[in-house]
Protein chains: 2
Amino acid sequence: MVRDKEETKRKLLAAAVQEFAEHGIAGARVDRIAKNAGANKAMIYAYFCSKEGLFDEVLKQQVDAAIEAVPITADDLAGYAGRLFDRYVEHPEVLRLAAWHRLENGFDAIPEAEAKAYVHKVAAIAEAQEKGELPQHFDPEELLSLVVHLSILGFSSPVASRDLVVRSVDQLLRSR
Amino acid sequence: MVRDKEETKRKLLAAAVQEFAEHGIAGARVDRIAKNAGANKAMIYAYFCSKEGLFDEVLKQQVDAAIEAVPITADDLAGYAGRLFDRYVEHPEVLRLAAWHRLENGFDAIPEAEAKAYVHKVAAIAEAQEKGELPQHFDPEELLSLVVHLSILGFSSPVASRDLVVRSVDQLLRSR
DNA sequence: CGCTCCTAACTAACTGGTTGGTTACAAAAC
DNA sequence: GTTTTGTAACCAACCAGTTAGTTAGGAGCG
C-alpha cells in the first residue's frame, strides 16, 4: 500500500467533481465520494473540513481551470463565445457545479477567481471598443454578459448549436 | 375545525412551491412543507403519493401559469422577451423550480405543457417570418431559443436589466 | 544493513440526529 | 353509522461527521 497525502486529495477531488456535478451539494453523498475515490471517508474531513469545504475546493479548481483554458479575445467575441461553447461541451461539470452553487447559495458568493477575471475581461472589451474593434451600442459589462450568456445557450435549449451561438454574437455586434 | 380536501391541497402546494424553489428536490424537507402549510405530513402522501409527486405537481402548475400569463407576440419578439423578463422578476420561483428539475433530472423530461407550448410558438414565429414581420436569418426554432434564453439573462448576470434584454433581442432581429 | 521507534496516513466501526414514509386511531361530515 | 379527512406517534433507513485504533514507511542508531 502506498501512502501519499497529495495523491489521496487528488483522488478525492476527482471523485467529488463527478458526485457534486451530478447530484449537487444536498444530493451528493460523502460515502459515495470516498468509495469512488478508493479512499476513506474520514480523509475528507481531515483534508477538507466538511462536505461544503470539499465542494468549495472542487468549484474553485474547476472555475480556475475553465478561466485559464479560455482566455478572452476582445477583438473576436464571436470566436470567444464559440470557444466557451466548446469548453462547456467538453467539460459540462463546471457549468453544473456553478449552477448548483448559485441555486443553493444565491446570486452572491461568486468564486473570487471569477470576479477577478470579470474585471479583466470588461477592461479588455472597453479597450477594444476604444480601438474601434467593437461597436459601442452596448456597454462593456453588457457585452460581456451577453457573450457569456449566449455561450451557454446549449444548456437551456436542446436545438442550440455552436454555429448558432457564433452567429448570434456576430449579429449582436453588427453596426447599426 | 374545518375539513376541506381541496383547501388542504392548495395550502400544501403553496408551501411546496416555496420549499422546492428554495432548496430543490433533494434539499427540500417534507416536514417543513407540512408545517408551513399548517397541515399534517401524512396528507402529502395521501394527495401526492411522494415527495417527487408533490414536486411534479408544483412544477406543472407553475409552468402552466407562466405559459398562460405570457403569450407569445411573434410580431414583437423584443416585447415578448421583456414581458418574460418581467414575469421572472415577479415570479422567480418558476425559473428556480425548472433549474432544479433540469439539474436533477437531466435535459430530457421536459414538462408536457412546455413541449406543447413550444410547438405552438415555433409555428407562430414561422408564420410571422412568412408575413415578413420577422427577418429570416434565424430559423424559427433558433429565434425562439434565443429570445427565451435572453429573457433569463438577469439570472445569469447581475448587471442585466430589462432594457438590455429588449435591446439585445432588437439587435438580433435587425436586417443584415 | 538490520533494528527500533515515531508519526503521518489511513481504516473500520460507531454515533446521534434526521428523513421520507407509514399506521393506528380520532373526529368531522353527511 | 359509514365514509372522508386529519392527527400523533412511530419506524427503519440513511447520513454527515467522529473516534479509537492500525499500519506504512522514514529517521536515527549501532
Side-chain angles (χ1 to χ4, degrees), chain A residues 1-61 96-97 100-101 103-106 109, chain B residues 1-61 96-97 100-101 103-106 109:
Chain A
M1 171 194 281
V2 190
R3 292 186 168 197
D4 183 337
K5 188 176 176 175
E6 293 309 315
E7 173 69 6
T8 303
K9 283 171 88 167
R10 231 208 61 250
K11 288 194 293 185
L12 282 171
L13 281 167
V17 168
Q18 298 306 316
E19 180 73 14
F20 283 126
E22 192 164 351
H23 300 103
I25 305 178
R29 294 294 162 245
V30 172
D31 293 86
R32 212 155 39 195
I33 292 172
K35 188 184 163 196
N36 289 338
N40 191 283
K41 182 166 62 146
M43 294 294 92
I44 290 176
Y45 296 93
Y47 297 147
F48 305 101
C49 294
S50 64
K51 195 187 186 186
E52 269 74 22
L54 178 58
F55 180 87
D56 290 346
E57 185 62 29
V58 162
L59 182 64
K60 184 183 175 308
Q61 284 201 2
R96 293 182 58 89
L97 290 168
W100 288 115
H101 181 66
L103 281 173
E104 306 205 9
N105 296 286
Chain B
M1 171 191 287
V2 190
R3 294 189 166 193
D4 182 337
K5 185 175 178 175
E6 293 309 316
E7 173 68 6
T8 302
K9 284 170 86 167
R10 231 208 61 252
K11 288 194 292 183
L12 282 171
L13 281 167
V17 168
Q18 298 306 317
E19 180 73 13
F20 282 126
E22 192 164 348
H23 300 104
I25 305 178
R29 294 294 163 245
V30 173
D31 292 86
R32 211 154 42 195
I33 292 172
K35 189 185 164 195
N36 289 338
N40 192 284
K41 182 167 63 146
M43 295 293 94
I44 290 175
Y45 295 92
Y47 297 145
F48 306 101
C49 294
S50 64
K51 194 188 186 186
E52 267 74 24
L54 178 57
F55 180 87
D56 290 347
E57 184 63 29
V58 162
L59 181 64
K60 184 182 175 309
Q61 285 201 2
R96 292 182 58 90
L97 290 167
W100 289 115
H101 182 67
L103 281 173
E104 305 206 10
N105 297 285

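Taking only side-chain atoms of A:Arg3, from C-beta outward, the nucleotide of C:dG20, D:dT23, D:dT5 with the closest atom is D:dT23. Checking C:dG21, D:dT5, D:dT23 against the side-chain heavy atoms of B:Tyr45 singles out C:dG21 as nearest. Of the candidate nucleotides D:dG6, C:dT11, D:dG17, C:dT11 has the atom lying nearest to any side-chain atom of A:Ala42.
Protein atom NZ of B:Lys41 is 10 Å distant from nucleotide atom P of C:dT22, rounded to whole Å. Rounded to whole Å, the distance from CE on A:Met43 to C1' on C:dC10 is 5 Å. Taking atom CG of A:Asp4 as the reference point, atom C1' of C:dA9 lies 10 Å away to the nearest angstrom. Following rounding to the nearest Å, A:Ile33 (CD1) and D:dC15 (C1') show an atom-to-atom distance of 12 Å. As a whole-Å value, the separation of A:Asn40 CG from D:dG17 C1' is 12 Å. Atom NZ in B:Lys35 sits roughly 15 Å away from atom P in D:dT7 (whole-Å rounding). Atom CG in B:Asp31 sits about 13 Å away from atom C1' in C:dG17, given to the nearest Å.
For the pair B:Ser50 and A:Val2, both in contact range of DNA chain C, the more 5′-proximal nearest nucleotide belongs to A:Val2.
At a threshold of 4.0 angstrom between heavy atoms, the contacts of B:Phe48 with the nucleic acid are absent.
Note: A:His101 and A:Phe55 have parallel aromatic rings, judged against thresholds of 30 and 60 degrees for the angle between ring planes.
Contacts between residues 16-30 of chain A and DNA chain D, counted as heavy-atom distances below 4.0 Å, involve A:Ala28, A:Arg29, A:Val30.
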